[in-house]
Amino acid sequence: MSETTTKRMEDIVALCRRRGFIFQSSEIYGGINGFWDYGPYGSELKRNLKNAWWEDIVHGDMVGPTGEPVKIVGVDCTIIMNPKVWEASGHVGGFADMMSTCRHCKRLVRTDHVWDMVHESPWFAALSELYADGVVDSPALVRWAQQKGKKLAPNLALVRNPEVTLSWLAERMADGQTAMGVQEFVQHLASEQVARDGLALPCPHCGGDLAEPKPFNLMFKTLVGAVEDPSNIAYLRPETAQGIFANFDNVVDSSRVKVPFGIAQIGKAFRNEVTPRNFTFRSREFEQMELEFFIHPSEAEQWYAWWRDNRYAWWKSIGLAGDNLILREHDRDELAHYAKEGAGTSDIEYRFPFTAPGFGELEGVAHRADFDLKAHAEHCGKGEKMRYFDQARNERYFPHVIEPSAGADRGALALLCEAYTPDESRASKVFMNFHPRVAPVKAGIFPLVAKDGMPEIAEKLHKELRRRHVVEMDAKQSIGKRYARMDECGTPYCITIDGDTANDQAVTIRERNTQSQERVALDKVGAFLDEKIHGDS
RNA sequence: GCGGGUGUAGCUCAGUGGUAGAGCGUCACGUUGCCAACGUGAAUGUCGUCGGUUCGAAUCCGAUCACCCGCUCCA
């Protein structure tokens, strides 16, 4: 990362703090890692982003790939749900996943997945071949360790210290009471100190030995009810999606929707991240804007492509129009467990100053197939009875899901980064180039000077406009200073009442980016703002 | 979790063992005639926190917290 981009992120963070966009949570007590508060302007910005999403997704008038209007309804689910929800979703197996850290490559692996992963690894395949007939061929093993093994499993005990490892293996063979399976054979090859530590569990990635398994779960735990008892454990949701899936039947039964349709939700989610990083980008408490769009399985491809393109265009429309925004189709091997066989997964990514020249995820669009609805059907015990009945097709099925899942905080952060525009020529040295739709303040209202009836006219205009728009009136200090302040918080328009206003009933409106001014009739100012904020331009 | 860096007013920083400072910003009053004008005045600090050394610590030592950077992690 270059110094200029690092520097720039620091400047953005400083501006966020200085102008009241984002503060560290509980800062007066030294803060808390991974939690952030939004100040006056920041909360407006984030609210504008969420409102824009909700208006366009839930209240929008989109036409889908089939030519039909796109039907979407909203829900607002609880943060704490029945813990079984998270068993069904795969977020928790029992109550805690055991995780092991590799002592060599430091990677974290789910302990119950270790052998599955080892069996899929190329170095395991090579070693099982060498043990195909159940005979230990030491010279062949040493040869492998000195050549291929160095690349495939650099931290395997056999590779690091063949003599010692093979001597333990020889001891085991000499003992020879029971036959040795290939798994135990490999464990021997992964163990350097058998007498002291016993047989090691090999790291699937590098062959190194895995440390003692520890319970590890990224979900926050809490207790429901005042009694402290393990049976009362519940979790703060790590994603909002499951509330939607768990309510699928409720929504279908109560709101006359039929497939294809969507259920949308905006809400907080919590992940106890190992390392919160990069300002608000990876927080432990964050807000998601999630849509689960339910479709007939045969239409997955076209709806997936449609939503992917639609969501990409949406982010562009609210101000991420530059080439910092990209749409990236996932490779097959990085797909989540629920999406392996699907139509695909894409990320909409933004080039943040701290990821540059790389990109960070803003929104994922995934074809989750029927993974979630099926899982909940199985876990709640209703099973096949929960299949959706499609009247038009006269068919029962679990609908497939296209999930556009966006981060509200990441979105707000991307808007802040994109808007941040250094400009040495102006007093503030920087202005925030927000799209009028998301700008925290739409207009500043200024009497050019605080006399000759100008403040009174400004006050009257302020009273009128504030019913429909977030506007700020300021009569103090020089006009240049007031413009500069508005530049720094990204207010797109400044309305100035001057000495002529009383006579011609008109004001000047200064546009933030160009600093140009136009004269607008006093009674047309509201319409002017409407047009700029909601119009196409 | 590992390694490196940083921490003094809202911001940028000065202050290397002896009374916590400057500029900018903020606020008030005056002035004002379209881009941080000017004058006068004012407020603002657990020197990140806790502990130790010392007659005395922003300064030296230890721990800790937070942020930034590089790994790791993100099911």
Legend entry - Spacing of CZ belonging to Phe354(A) relative to CG belonging to Leu413(A), to within rounding of 0.5 Å: 5.0 Å
Inset, instruction - Assign the ring pair His400(A) / His367(A) to parallel, tilted or perpendicular, where the plane angle (0 to 90°) is split at 30° and 60°. - result: tilted
Inset, instruction - Classify the nucleic acid contact of Leu448(A) as base, sugar-phosphate or nothing, counting any heavy atom under 4.0 Å across all strands shown. - result: base
Inset, instruction - Considering only atom P, compute the distance from C11(B) to G25(B) and round it to an integer number of Å. - result: 15 Å
Legend entry - Main-chain N/O of Glu418(A) paired to Tyr350(A) side chain as donor or acceptor, under 3.5 Å: yes
Legend entry - Phe359(A) CZ - C74(B) C1' separation (whole Å): 20 Å
Inset, instruction - Residues of residues 492-501 of chain A with any non-hydrogen atom less than 4.0 angstrom from an atom of RNA chain B: list those, numerically ordered, please. - result: Thr496(A), Asp498(A), Gly499(A)
Inset, instruction - Tell me whether the guanidinium CZ or amine NZ of Arg17(A) lies under 6.0 angstrom from the six-membered ring centre of Phe23(A) and within 45° of its axis. - result: no
Legend entry - Span that lies between the C1' atom of C50(B) and that of C38(B), in whole angstrom: 48 Å
Inset, instruction - Please say which of Arg237(A), Lys268(A), Arg47(A), Lys50(A) ends up in a salt bridge (Lys or Arg N to Asp or Glu O under 4.0 Å) with Glu287(A). - result: Lys50(A)
Inset, instruction - With RNA chain B as reference, determine whether Ala14(A) or Phe35(A) sits nearer its 5' end, using the nearest nucleotide of each. - result: Ala14(A)
Inset, instruction - Please measure how far the C1' atom in U8(B) lies from the corresponding atom in A14(B), and state the result in whole Å. - result: 10 Å
Inset, instruction - Sticking with atom C1', work out how far U32(B) lies from U44(B), rounded to a whole angstrom. - result: 28 Å
Inset, instruction - Could you state the atom-to-atom distance from CZ of Phe281(A) to C1' of C73(B) in whole Å? - result: 13 Å
Legend entry - Asp423(A) side chain to Ser425(A) side chain, donor-acceptor N/O pair below 3.5 angstrom: yes
Tabulate protein N/O versus nucleotide N/O from nucleotides 21-28 of chain B, keeping only pairs under 3.5 Å, one per line.
residue	atom	partner	partner atom	Å
U26(B)	OP1	Arg485(A)	NH1	2.2
U26(B)	OP2	Lys481(A)	NZ	3.2
A28(B)	OP1	Lys476(A)	NZ	3.0

Inset, instruction - Using side-chain hydrogen bond (donor to acceptor under 3.5 Å, both in side chains) as the criterion, list what pairs up with Ser428(A), not counting sequence neighbours. - result: none
Inset, instruction - Considering only atom C1', compute the distance from C13(B) to U54(B) and round it to an integer number of Å. - result: 29 Å
Inset, instruction - Could you tell me whether the side chains of Tyr483(A) and Thr496(A) share a donor-acceptor contact shorter than 3.5 Å? - result: yes
Inset, instruction - Kindly write out the residues that satisfy side-chain hydrogen bond (donor to acceptor under 3.5 Å, both in side chains) with Trp315(A), not counting sequence neighbours, or none if the list is empty. - result: Glu363(A)
Legend entry - Glu488(A) CD to C11(B) P, straight-line distance once rounded to whole Å: 13 Å
Inset, instruction - Take the protein atom CD of Glu27(A) and the nucleotide atom C1' of G10(B), then report the distance between them rounded to whole Å. - result: 10 Å
Inset, instruction - Starting from C1' on G10(B), measure out to CZ on Phe23(A) and report it in whole angstrom. - result: 10 Å
Legend entry - Atom-to-atom span, CZ of Arg17(A) to C1' of U12(B) - whole angstrom: 14 Å
Inset, instruction - For Tyr420(A), check side-chain hydrogen bond (donor to acceptor under 3.5 Å, both in side chains) against everything at least two apart and list the hits. - result: none
Inset, instruction - Answer yes or no: side-chain N or O of Arg18(A) and base N or O of C11(B) forming a donor-acceptor pair under 3.5 Å. - result: no
Inset, instruction - Between A63(B) and G5(B), how far apart are the P atoms? Round to whole Å, please. - result: 14 Å
Legend entry - Ser478(A) side-chain N/O to A37(B) phosphate OP1/OP2 under 4.0 Å: yes
Inset, instruction - Please state the C1' separation for the pair A37(B) and G30(B) - nearest whole angstrom. - result: 14 Å
Legend entry - Rounded distance in Å - NZ (Lys451(A)) to C1' (G33(B)): 8 Å
Legend entry - Atom of His435(A), atom of Ile533(A) and distance for their closest heavy-atom approach: CE1-O, 4.3 Å
Legend entry - Integer-rounded Å distance: U31(B) P and Asp452(A) CG: 12 Å
Legend entry - Distance-only donor-acceptor test (3.5 Å): side chain Arg510(A), base C35(B): yes
Legend entry - Cation-pi, Trp307(A) ring and Arg311(A) (6.0 angstrom, 45 degrees): no
Inset, instruction - Provide the distance between the two P atoms, one in C24(B) and one in C67(B), to the nearest whole Å. - result: 32 Å
Legend entry - Face-on cation placement of Arg482(A) at Phe446(A) ring, 6.0 Å and 45° thresholds: yes
Inset, instruction - Return no unless some side-chain N or O of Asn278(A) is found under 4.0 Å from OP1 or OP2 of C69(B). - result: yes
Identify each atom pair where a protein N or O and an N or O of nucleotides 42-48 of chain B are less than 3.5 Å apart, giving names and distance.
residue	atom	partner	partner atom	Å
U46(B)	O4	Ile28(A)	O	3.2

Inset, instruction - For C67(B), take OP1 and OP2 only and decide whether either is under 4.0 Å from a side-chain N or O of Asn33(A). - result: yes
